[in-house]
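Values below: every heavy atom of this structure, side chains too, minus hydrogens, waters and symmetry copies. This structure is a prediction, so every number in the text was calculated from the model and none was measured.
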Amino acid sequence: MITNNGKILSDKDIKRALRTSMLAGSFGFAWFAVAGGPPVALLVDFLSDSGLILGLSVMLQQISFAVQIPSTLFFETLYSRKKLWGALLILQRLSWITPAVVPLIFPSNPEFAALIFVCMIGASSIIGQACAPVWLNWIATLIPQKIRGRYWSLRQCVLFVSFILMTLFSGWILDFIPSPDKPNGTYIGFTVVFSVAALLGTIDIIIHLFIPEPKYEPKTKFSLFNTIERIMHPFKNSDYLWMTISISFWYLAMGIVGAFGIIYLRKSLLLSYSEISLLVITSSLGTILIGLPLGFLIDKAGARTSAVISMIIMPIFGILWFFITPGSYIFSFPGLGKCSLPHAVLLFGVANLISGGLASTIGTCQFHMLSSLIPENRRTMAFAAHWTLVGVLSATGPLIGGIIMDMDVESLNYTFFTGVKFSYIHILVVLYIIVILFISVPCMLKVKIRTGEIPILLLLSNIKNGNPLRAVSAIYNIYQ
């Protein structure tokens with residue numbers, strides 16, 4: 001392998017580059033734990049107290065996927081992409097100082113501070129999405145085919161540790177320093193969290209700049225007709241089209257609840273920041289503990305069938321929102337005394353282990369289908385076109401959630417038989433379930449079964465009743 005400056009990379013050089021990327025990524029994931037986690041939703045809510053503004057902040061992140069196509073076309077014309085990539089992303093990571101200082105600069109005008117924060121989120125998302133295809137192509141080219149699977153698995157585990165540590169840190173800081181909703185509370189806790197995140201995110205990019213860039217032959221000729229043909233070509237494949245529509249509505253459904261669930265946990269169920277952080281961690285743990293083993297199902301049952309099964313099961317956990325009330329379970333331990341655990345932390349914690357794994361499985365199925373449905377020489381633009389449509393279609397989800405959150409549904413003063421008071425979250429959860437089961441699943445079912453995959457009805461008919469642990473063995477036995 002040759003770099004842009006003509007250096008021949010040895011196996012030792014490549015291994016060093018991959019270790020460097022893993023180190024850099026650990027800083028990047030610490031940044032993402034904040035920039036893509038609860039602190040953003042919580043700060044926007046504190047500043048604006050508006051579901052619409054919160055929904056807009058998430059919507060901008062979704063719509064930003066649309067820049068992947070023009071950015072791909074632009075970066076393809078450059079001989080060296082690393083320097084521009086680094087400059088743009090250093091600017092993006094440093095921009096996350098904004099939420100650290102804006103609330104302190106405009107303490108008497110939080111709505112204006114929220115507007116600045118939301119605009120910054122939009123700008124940051126656009127830069128991040130514009131640079132994403134460059135990084136993926138750059139690092140993927142460096143990884144030898146024979147170790148690709150092992151490397152991504154190891155990288156995921158290392159980055160996951162970083163994510164957990166930063167999530168715990170941010171939750172502890174926000175609990176330790178009184179937030180604005182507490183007596184004598186301030187925004188200092190958010191200042192600390194976002195400042196540390198901006199610093200770590202910047203370190204991620206700086207370290208990446210020491211990774212060699214493989215030689216790249218730019219596309220110097222531009223043709224509008226050929227460009228349109230490259231963008232539209234993947235959609236001629238009906239399976240690619242239906243899979244993209246299905247995934248788009250799945251993301252839309254996730255966005256309907258997403259950030260608004262965090263606000264409900266904080267305001268209505270009275271969870272602390274640390275407790276919310278624990279729920280984020282359990283969901284991420286599900287990716288490792290449940291998601292990775294479910295990769296076996298993808299290999300055996302096929303990506304399309306595994307995605308459909310995951311989409312059918314995942315919404316079931318939404319029913320928990322109708323049963324959880326403020327309060328705690330009390331546990332007694334001989335010789336150790338008593339401890340309490342909020343209902344939401346225990347029940348959602350267990351549910352998140354499973355639903356987090358299912359969400360990871362859907363993402364893995366998405367990548368598998370994208371890779372298998374599109375020829376390698378058209379894959380870069382097909383990925384960009386896919387994410388553009390996903391981003392545009394799913395962007396309405398958080399906007400819908402924000403509008404409903406602002407509706408005064410609590411004034412109906414209705415209480416479910418479970419003792420839970422009717423709130424905006426219950427409308428959002430019902431919409432979430434409807435979108436997945438009646439739009440995402442039917443669209444995914446329109447994707448044709450590939451050779452070697454198991455039809456869903458055959459899969460279900462081979463699963464014995466009474467013992468869910470037999471499900472995996474049943475799938476395996478179909479092939480015996």
Side-chain angles (χ1 to χ4, degrees), residues 33-34 37-43 45-46 160-161 163-190 192-193 257-290 314 316-359 405 410 413-426 428-429:
V34 174
V40 172
L42 292 166
L43 181 56
D45 183 67
F46 273 130
F160 178 66
V161 172
F163 179 87
I164 287 180
L165 293 176
M166 190 60 185
T167 301
L168 289 173
F169 169 78
S170 61
W172 176 76
I173 287 292
L174 293 176
D175 278 332
F176 181 75
I177 302 175
S179 55
D181 60 336
K182 303 286 181 59
N184 301 318
T186 68
Y187 291 103
I188 298 298
F190 288 100
V192 173
V193 168
V257 177
F260 311 102
I262 293 173
I263 304 304
Y264 183 81
L265 290 171
R266 176 65 182 159
K267 289 186 172 181
S268 299
L269 297 182
L270 308 177
L271 296 193
S272 68
Y273 298 107
S274 296
E275 289 164 346
I276 292 175
S277 297
L278 286 176
L279 292 180
V280 174
I281 291 172
T282 57
S283 182
S284 302
L285 273 173
T287 300
I288 304 296
L289 301 179
I290 306 296
M314 196 170 168
I316 295 174
F317 295 99
I319 299 173
L320 284 176
W321 290 98
F322 292 87
F323 289 86
I324 295 180
T325 57
S328 301
Y329 295 108
I330 306 298
F331 298 94
S332 298
F333 299 95
L336 298 176
K338 298 181 179 180
C339 71
S340 62
L341 190 66
H343 299 157
V345 173
L346 180 61
L347 297 179
F348 276 130
V350 174
N352 283 357
L353 284 174
I354 303 174
S355 60
L358 293 172
M405 179 180 171
E410 284 84 357
N413 200 28
Y414 176 77
T415 302
F416 295 106
F417 72 93
T418 57
V420 177
K421 187 177 179 180
F422 178 63
S423 181
Y424 67 88
I425 194 65
H426 303 108
L428 301 184
V429 169

If you define the side chain from C-beta out and look only at heavy atoms, does anything of [X] sit under 4.5 Å from [Y]?
| X | Y | answer |
| --- | --- | --- |
| N413 | K421 | yes |
| W321 | L428 | no |
| L269 | P342 | no |
| Y273 | S170 | no |

Other residues, nucleotides, ligands: >12 heavy atoms within 6.0 Å of F331 CZ: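 Atom CZ in F331 is crowded, with more than 12 foreign heavy atoms closer than 6.0 Å.
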Give a yes or no on whether K182 atom NZ has more than 12 heavy-atom contacts from other residues, nucleotides or ligands under 6.0 Å away.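 Yes, because the 6.0 Å sphere around NZ of K182 holds more than 12 heavy atoms from other groups.
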For [X] and [Y], work out which heavy atoms get closest and say how close.
| X | Y | result |
| --- | --- | --- |
| G189 | L174 | C-CD2, 3.6 Å |
| F317 | S355 | CD1-CB, 4.2 Å |
| P180 | F190 | CD-CE1, 4.3 Å |
| I262 | P38 | CD1-CA, 3.9 Å |

Carboxylate-amine/guanidinium contact R266 D181, below 4.0 Å: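 Here R266 pairs with D181 in a salt bridge, since their nearest N and O are under 4.0 Å apart.
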Under 3.5 Å: donor-acceptor pair, side chain of [X], backbone of [Y]:
| X | Y | answer |
| --- | --- | --- |
| Y424 | Y264 | yes |
| H343 | I324 | no |
| S268 | L265 | no |
| N352 | L279 | yes |
| S274 | G171 | yes |
| S277 | L168 | no |

Go through the steps for S340 and I330 under the test side-chain contact (heavy atoms from CB on, under 4.5 Å), then give the verdict. CA-CA 4 Å; S340 62; I330 306 298; 3.6 Å; yes
Measuring from [X]:[atom1] to [Y]:[atom2], what's the distance to the nearest 0.5 Å?
| X | Y | atom1 | atom2 | result |
| --- | --- | --- | --- | --- |
| S423 | E410 | OG | CD | 3.5 Å |
| L353 | S284 | CG | OG | 10.0 Å |
| I276 | I263 | CD1 | CD1 | 7.5 Å |
| T282 | I164 | OG1 | CD1 | 10.0 Å |
| T418 | F323 | OG1 | CZ | 5.5 Å |
| S283 | I354 | OG | CD1 | 11.5 Å |

Check the angle between the aromatic planes of [X] and [Y] and answer parallel, tilted or perpendicular using the 30° and 60° thresholds.
| X | Y | value |
| --- | --- | --- |
| F322 | H426 | tilted |
| F422 | F416 | perpendicular |
| F160 | F163 | parallel |

Checking I177, V193, I173 against I188 for side-chain contact (heavy atoms from CB on, under 4.5 Å), the one that qualifies is I177
